[in-house]
Each structure stands twice: as structure tokens, then as C-alpha cells.
Amino acid sequence: MVLAELGPPLRVSALPNGLVLAWEHWEVRETRVGISLGFAGANAMSLDWGTTATEGEYLLLAFDEKRRVIDGAFTRWKNDAGGGQAIQPFGGFLSVADVDDLLQGMSQHRWGASSLKRLPAALNGHSDPDVGANGLEQRGTPRGIGQRVLEMD
Amino acid sequence: MRKKPFIAAVMTLVLATVVGCAQYDNRRGVEVVWKPDAIDGLKVGSSTRNDVLQLLGPPSQVIALADETVLYYLFEYSSGQGLILVFYNQVEIDTRYDRAIFFFDENDLLTDFATKIHSTDVE
């Protein structure tokens, strides 16, 4: 019934007493304003200002071993995700707005390559929330804490 | 008249030594709703996973252990500033993590939990 109503989930994982499915929708807005001598062929004298904002929805449903919904939660958010400003006369060394971690493809696309990750990430495979057996995580979850902390260089 | 060479020299020195400076802040994770008042009603042994989900919303991570499940709520705030010179760089980044973790047994009953909110986030 749930699959017929909501379609295939974007995230799936086994749980000790069933499974958990999640659906998500994200909008990432990145605004940057900068002045530089790039038009003159020089990567110099840049003044940057940037800001990022996110908006989205996330639905999490847990099922028992008989595939009946036992619990779930839904959230909708609109957040400021950060920003900054910089003066860099001799080149762009620092980025004031970075959303790369929010724009990664779904983890399913990387299942086949899970053993080819960088060594810290490959060794953390038994706790990896991307493989569908150990749980799951929302997009944009901090990597400096939680199940991925051992994956950091 | 004599000021012009001096100003030009100072400007040249500044441009030659200050390669860049920047300031930024960054936010990741879920909204910090696990304030003391909000979780006051949670009781080990009687509250369920559904109680926590209804109270706090979807977690950052759902973790499957052998016979247990864990809901982990995370929020990261970092701010930093950097000064990049020719011979010396200084980048200062302050990162903090607000978090809450809830453990449930095979019957989805709360067995343990802990929370931490940075003092500036508590209203």
C-alpha cells in the first residue's frame, strides 16, 4: 500500500525487526556574488560573498517483519545552510559557500563500488549507512560525528 | 607630494603580503528540537521509538545493531576565518555538534538515551 501510494523509496535499510524506508525532496540554493579580474585573464583581486539555503521534505517509515508500518516521522524544513565573504587579491584559495556534500547522487549508485572507497571509508563498511544493511541517514548529515566519523582522513 | 611614494610603498607591501582573507559559517544536520523541555516526558522502559519519532521527527541516522535500533540526531555548526599571507597562514575554525542518541530494544522500547546541546542553543 505504501509503495503504491508513494512509489519506490529513495533510501532503504534492514532493521533488526524489519526494515526502514525513506523518501526525500531537496532544494539547494547557492548564491554567490564576486568581483575579480577574471575577465582580464587574471585570477586575482577577487571579492566574494556567498550564501546557501536549503529547503525540503523527508519521510521515514519503519515496517515490521510482516511489512506493516509500525512507526514513522515526517519533516519539512527551510534553513540557512551557511555563507561567508572573502577578499583574495592573488587568487581563489578559500570557498565561502560550499554545497558539494548536498549534491551527491543517491547511495544506490555507489553500492557496487563500496569496496573501492578510500581505505578509511572501506574499513568502515560494517557501519556504512549507504549499504542498506546497517541503517540509513539523511542527506546533509555531518560527517564529523556519528557512523561516518571513522571515514574521515 | 612626499606622501604618494609612501602610500604606494605601503600598498605594494600589503598586496605582496596579504594573499587573502575570508570568513564563513556552515550549518548541517537536522533542527535541534531535543531541548530539555521537549524530551522531559521520555522514560526509559516505557517510551517507544514511535514516541521519539513523533516528538523529534526523522533522525539524521537510523542505525541497525544486532538486536537494537538507534536514532541519532545531529546538527553541526562551524564558523571560521582565515588569513593567508605569503609566509604565514592562519585559519581558525570553530565546529560544534549538537546531538541526541536514543537506543531501542527489539520491542522498540527506549533503553537508553543522551542529549547534548551547545550552551548558546539553549533558549
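Throughout, a chain's letter reflects where its sequence line sits, starting with A, and its residues are numbered from 1.
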Next on the checklist: Tell me whether A:V20 shares a hydrophobic cluster with A:Y58, the cluster being built from Ile, Leu, Val, Met, Phe, Trp, Tyr side chains joined at under 4.5 Å.
Outcome noted: yes

Next on the checklist: Run the side chain to side chain contact (heavy atoms under 4.5 Å, CB included) test on A:D71 and B:T48 for me, step by step, so that the C-alpha distance in whole Å, both residues' side-chain angles and the decisive distance to 0.1 Å come before the verdict.
Outcome noted: CA-CA 9 Å; A:D71 51 40; B:T48 65; over 6 Å; no

Item to check | Largest heavy-atom contact set with chain B, pairs under 4.5 Å, which of A:G82, A:S127, A:A14, A:G83 | outcome: A:G83

Next on the checklist: Could you see if B:Y73 belongs to whatever hydrophobic cluster contains B:I39? Use Ile, Leu, Val, Met, Phe, Trp, Tyr and a side-chain cutoff under 4.5 Å.
Outcome noted: yes

Checklist entry - Would A:I145 and B:E76 count as a side chain to side chain contact (heavy atoms under 4.5 Å, CB included) if you check the C-alpha gap in whole Å, the side-chain angles of each, and the deciding distance to 0.1 Å? => result CA-CA 9 Å; A:I145 194 168; B:E76 175 191 271; over 6 Å; no

Checklist entry - Looking only at atom types and distance, does a side-chain atom of B:Q54 sit under 3.5 Å from a main-chain N or O of A:G72, one as donor and one as acceptor? => result yes

Next on the checklist: The test is side chain to side chain contact (heavy atoms under 4.5 Å, CB included); show your working for A:Q147 and B:V70 and say whether it passes.
Outcome noted: CA-CA 11 Å; A:Q147 290 295 82; B:V70 178; over 6 Å; no

Next on the checklist: Under 4.5 Å from any heavy atom of chain A, what part of B:I101 do you find: side chain, backbone, both or neither?
Outcome noted: neither

Checklist entry - Considering only heavy atoms from C-beta outward, does the side chain of B:R27 approach that of A:N79 to under 4.5 Å? => result no

Item to check | Under 4.5 Å from a heavy atom of chain B, the part of A:D101 involved | outcome: side chain

Item to check | Structural part of B:D67 lying under 4.5 Å from a heavy atom of chain A | outcome: backbone

Next on the checklist: Using modelled atom types and a 3.5 Å cut-off, is there a donor and acceptor pairing between side-chain atoms of A:Q138 and backbone atoms of B:P59?
Outcome noted: yes

Item to check | Side-chain heavy atoms of B:I63 within contact of A:E137, under 4.5 Å | outcome: no

Item to check | From CA spacing to verdict: side chain to side chain contact (heavy atoms under 4.5 Å, CB included), B:V62, A:L60 | outcome: CA-CA 10 Å; B:V62 179; A:L60 181 80; 3.9 Å; yes

Next on the checklist: Given heavy-atom pairs under 4.5 angstrom as the criterion, report whether the side chain, backbone, both or neither of B:V30 touches chain A.
Outcome noted: side chain

Checklist outcome for this item: Nearest heavy-atom contact between A:I70 and B:D108 is CD1-OD2, 3.5 Å

Next on the checklist: More than 12 heavy atoms of other residues, nucleotides or ligands under 6.0 Å from CD of B:E31: yes or no?
Outcome noted: no

Item to check | same_hphob_cluster(A:L6, A:M1) at 4.5 Å side-chain heavy-atom cutoff | outcome: no

Checklist entry - Which pair of heavy atoms, one from B:T69 and one from A:P16, lies closest together, and at what distance? => result CG2-CD, 3.4 Å

Checklist entry - Between B:Q61 (side chain) and A:L136 (backbone), is there a donor-acceptor pair under 3.5 Å? => result no

Item to check | chain B interface, residue from A:P129, A:A62, A:G146 that has the most non-hydrogen pairs under 4.5 Å | outcome: A:G146

Checklist outcome for this item: So, the part of A:L102 with a heavy atom under 4.5 Å from chain B: the answer is side chain

Checklist outcome for this item: To the nearest 0.5 Å, atom SG of B:C21 lies from atom CD of A:Q85 at 10.0 Å

Item to check | Donor-acceptor contact below 3.5 Å, side chain A:N17 vs main chain B:E106 | outcome: yes

Item to check | Side chain, backbone, both or neither of A:T75 within contact of chain B (heavy atoms, under 4.5 Å) | outcome: both

Checklist entry - Hey, any chance A:L19 and A:V2 share a hydrophobic cluster, counting ILVMFWY side chains that come within less than 4.5 Å of each other, even indirectly? => result yes

Next on the checklist: With a 4.5 Å cut-off on side-chain heavy-atom distances among I, L, V, M, F, W and Y, is there a chain of contacts connecting B:L109 to B:F103?
Outcome noted: no

Checklist entry - Do A:P142 and B:R28 touch side chain to side chain, with heavy atoms closer than 4.5 Å? => result yes

Checklist entry - With a 4.5 angstrom heavy-atom cut-off, which part of A:F74 approaches chain B: side chain, backbone, both or neither? => result backbone

